**Q** 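Mind looking over this structure? Questions follow.
Whatever order the structure lists ligands and atoms in, that order sets their numbers, starting from 1. Note: hydrogens, waters and symmetry copies are ignored here, and every other heavy atom, side chains too, is used. Bear in mind that the values here come from a model prediction, so they are computed numbers and not experimental data.
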Amino acid sequence: MFLGHYALGLAAKRASPGLSLGVLFLATQLADILWPFLLALGLEQVRIDPGNTAFTPLDFVSYPYSHSLLLLAVWGLAAGWLLARSNGRAIAVVTALVVSHWVLDAVTHRPDMPLYPGGPKVGLGLWNLVAATVAIELAMYAAGVWLYLRATRARDKRGRWGFTLLISVLLAIYIGDALSSAAPPSVGALTVVAALGGVLFPAWSWWADRHRAPVVGR
Ligand SMILES: [Zn+2]
């Protein structure tokens with residue numbers, strides 16, 4: 001899942017207006033942010049395998065550290081403590097977002113999502129149904145954007161257009177991915193693109209969010 005993760009980050013702004021959207025995106029995408037670095041270190045493995053499911057050409061051979069339920073709970077608590085240590089509610093929001101990545105991936109992936117390193121793997125395989133995957137993710141994303149727009153207002157043009165562009169770029173990446181059946185040229189290229197995206201989108205959203213103010217009582 002891609003847009004669905006961002007949708008939850010956007011929706012969470014209302015629950016914790018003091019947290020930047022950058023922090024919320026970092027939390028919801030932490031699994032995918034850690035993943036390329038663990039691939040580069042050789043601790044996790046992926047294989048390019050067109051047709052693995054209808055939606056993705058990737059075979060997630062092993063990712064116990066970035067994508068097991070147990071370790072995401074650990075990373076979630078650690079991220080909550082590091083990013084929101086002064087506020088119990090914010091810690092809970094960050095932890096829940098980090099763990100939500102596992103839940104959403106377990107719905108979309110075939111059974112490759114470990115409960116704990118070396119443990120049983122689960123996955124409901126929504127990715128076998130491309131139209132359903134796209135419909136569900138677009139609906140989640142639209143709801144997330146709407147909730148974020150209700151929870152904040154632009155302070156200036158950067159807050160309005162920086163956010164609009166961010167949301168549009170994420171949408172365009174997703175649509176491009178859904179329409180094309182092209183596989184990445186190599187695991188190395190995939191790793192680099194994943195690492196760049198993991199830095200770019202939290203940083204961009206942190207910047208855009210600084211130019212928006214929380215709206216209370218709506
Ligand atoms: Zn993931």
Side-chain angles (χ1 to χ4, degrees), residues 1-12 22-49 52-80 94-117 119-130 132-134 136-138 140-141 144 170-171 173-178 183-184 187 189-202 205:
M1 188 163 273
F2 181 74
L3 287 183
H5 296 305
Y6 287 106
L8 290 193
L10 288 159
V23 169
L24 300 172
F25 276 4
L26 190 80
T28 188
Q29 281 291 71
L30 188 62
D32 287 357
I33 292 169
L34 295 174
W35 180 60
F37 297 97
L38 293 162
L39 287 177
L41 290 170
L43 294 170
E44 300 196 337
Q45 282 84 38
V46 67
R47 213 165 54 86
I48 292 167
D49 177 28
N52 187 273
T53 61
F55 193 84
T56 185
L58 302 178
D59 177 8
F60 300 97
V61 178
S62 168
Y63 45 12
Y65 307 108
S66 67
H67 277 74
S68 69
L69 178 58
L70 177 68
L71 283 184
L72 280 171
V74 173
W75 304 145
L77 287 168
V94 169
T95 304
L97 284 177
V98 173
V99 174
S100 78
H101 190 102
W102 188 90
V103 176
L104 293 185
D105 275 7
V107 172
T108 42
H109 289 215
R110 64 178 187 77
D112 61 26
M113 295 290 296
L115 290 173
Y116 51 87
K121 296 177 177 181
V122 300
L124 298 178
L126 178 64
W127 268 345
N128 288 311
L129 309 167
V130 174
T133 301
V134 172
I136 288 169
E137 289 207 66
L138 288 180
M140 288 177 73
Y141 193 57
L170 288 171
L171 182 64
I173 291 172
Y174 183 74
I175 300 287
D177 224 43
V187 169
L190 170 68
T191 304
V192 170
V193 170
L196 290 175
V199 175
L200 174 67
F201 293 115
S205 55

**Q** Could you tell me if the ring centre of Phe60 sits under 6.0 Å from that of His109?
**A** yes
**Q** Is the Phe2 ring parallel, tilted or perpendicular to the Tyr174 ring (thresholds 30°, 60°)?
**A** parallel
**Q** For the Zn ion (ligand 1), give me the closest N/O/S atom belonging to Asp32, just the atom name.
**A** OD1
**Q** Quick check on Tyr141: does its OH atom have over 12 non-hydrogen neighbours (other residues, nucleotides or ligands) under 6.0 Å away?
**A**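 Enclosed: over 12 neighbouring heavy atoms sit under 6.0 Å from OH of Tyr141.
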**Q** What is the name of the N/O/S atom in Asp105 that sits closest to the Zn ion (ligand 1)?
**A**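 Among the N, O or S atoms of Asp105, the one closest to the Zn ion (ligand 1) is OD2.
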**Q** With a cut-off of 2.8 Å, does His5 put an N/O/S atom close enough to the Zn ion (ligand 1)?
**A**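 Looking at His5, which is the residue asked about, there is no N, O or S atom under 2.8 Å from the Zn ion (ligand 1).
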**Q** Hey, can you tell me if His5 and His101 have their rings parallel, tilted or perpendicular (30° and 60° cut-offs)?
**A** parallel
